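Scroll down for the structure; my scribbles are underneath it.
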Amino acid sequence: TLTHFPENRQRASLVIDRFGGWLESWADRAMRLGMTHVRYPITQTPFASSSMTIQSFSSKMGRNDELAYSGSTKFAPLPTTRLYAEACAMKIKSDDDGGIL
């Protein structure tokens, strides 16, 4: 994934989704497979500069009920597939508009 590249390489990288939107083909495939939650915690995002993107979005939108907790406070919760995709799309739009989510 791009987050494993050094930041200067991330800025020079371009990823094209054949559906035309951010993570659309991934979200479509995940939904068709019945994936209710992503398997990585809300702190793992495609945005190197902001590990709080998903958590901020879920709180701001009143969607904390879409976070699955493991039962341990040692681990961050897992977001639903839809919440993850929508938060990422909003972050991209916010960045494109010059704002910060």
Side-chain angles (χ1 to χ4, degrees):
T1 62
L2 284 179
T3 56
H4 293 268
F5 288 166
E7 194 166 332
N8 63 337
R9 296 249 344 255
Q10 289 179 28
R11 289 190 192 126
S13 299
L14 175 67
V15 178
I16 299 173
D17 186 310
R18 66 183 177 95
F19 282 108
W22 177 254
L23 292 174
E24 280 189 54
S25 59
W26 171 84
D28 179 65
R29 186 175 30 241
M31 295 298 188
R32 282 189 284 122
L33 290 171
M35 227 173 88
T36 58
H37 290 76
V38 295
R39 62 182 187 173
Y40 27 86
I42 59 174
T43 54
Q44 300 298 310
T45 72
F47 312 106
S49 63
S50 178
S51 64
M52 300 304 287
T53 297
I54 311 298
Q55 188 168 4
S56 296
F57 180 80
S58 68
S59 294
K60 191 179 288 185
M61 303 305 279
R63 294 173 62 180
N64 287 334
D65 59 325
E66 294 184 52
L67 301 175
Y69 292 85
S70 66
S72 171
T73 56
K74 293 180 183 179
F75 303 105
L78 304 176
T80 62
T81 303
R82 186 173 306 281
L83 177 68
Y84 183 85
E86 290 175 9
C88 289
M90 183 66 95
K91 171 73 170 143
I92 293 297
K93 181 177 179 352
S94 174
D95 286 354
D96 284 349
D97 292 342
I100 298 174
L101 178 67

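Just so we're clear, the structure is a prediction, and the values are computed from it rather than from any experiment.
Applying the side-chain contact (heavy atoms from CB on, under 4.5 Å) test between Ile42 and each of Leu83, Ile54, Thr53 identifies Ile54 as the sole match.
For Phe75, there are no ring-ring contact (aromatic ring centres under 6.0 Å, His included) partners two or more places apart in sequence or in a different chain. By the side-chain contact (heavy atoms from CB on, under 4.5 Å) test, Pro41 is found to be paired with Thr43, Gln44, Ala76, Leu78, residues two or more places apart in sequence or in another chain being considered. Glu86 is linked by a side-chain hydrogen bond (donor to acceptor under 3.5 Å, both in side chains) to Arg63, counting only residues two or more places apart in sequence or in another chain. Residues satisfying the side-chain hydrogen bond (donor to acceptor under 3.5 Å, both in side chains) criterion with Ser58, sequence neighbours excluded, are Asn64.
For the atom pair CZ of Arg82 and CE of Met31, the computed distance is 4.0 Å after rounding to the nearest 0.5 Å. Thr80 contributes atom OG1, which lies 5.5 Å from atom NE2 of His37 (distance to the nearest 0.5 angstrom).
Under the salt bridge (charged side-chain N to carboxylate O under 4.0 Å, His left out) criterion, the residue pairs touching residues 27-37 are Asp28-Arg32, with sequence neighbours excluded. Applying the salt bridge (charged side-chain N to carboxylate O under 4.0 Å, His left out) test to residues at least two apart or on different chains, none of the pairs has a partner in residues 67-80.
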- Item | Steps toward side chain to side chain contact (heavy atoms under 4.5 Å, CB included) verdict (Tyr84, Trp26) | CA-CA 11 Å; Tyr84 183 85; Trp26 171 84; 3.6 Å; yes
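In this structure, Tyr69 is a member of the same hydrophobic cluster as Phe57, with clusters built from ILVMFWY side-chain heavy atoms closer than 4.5 Å.
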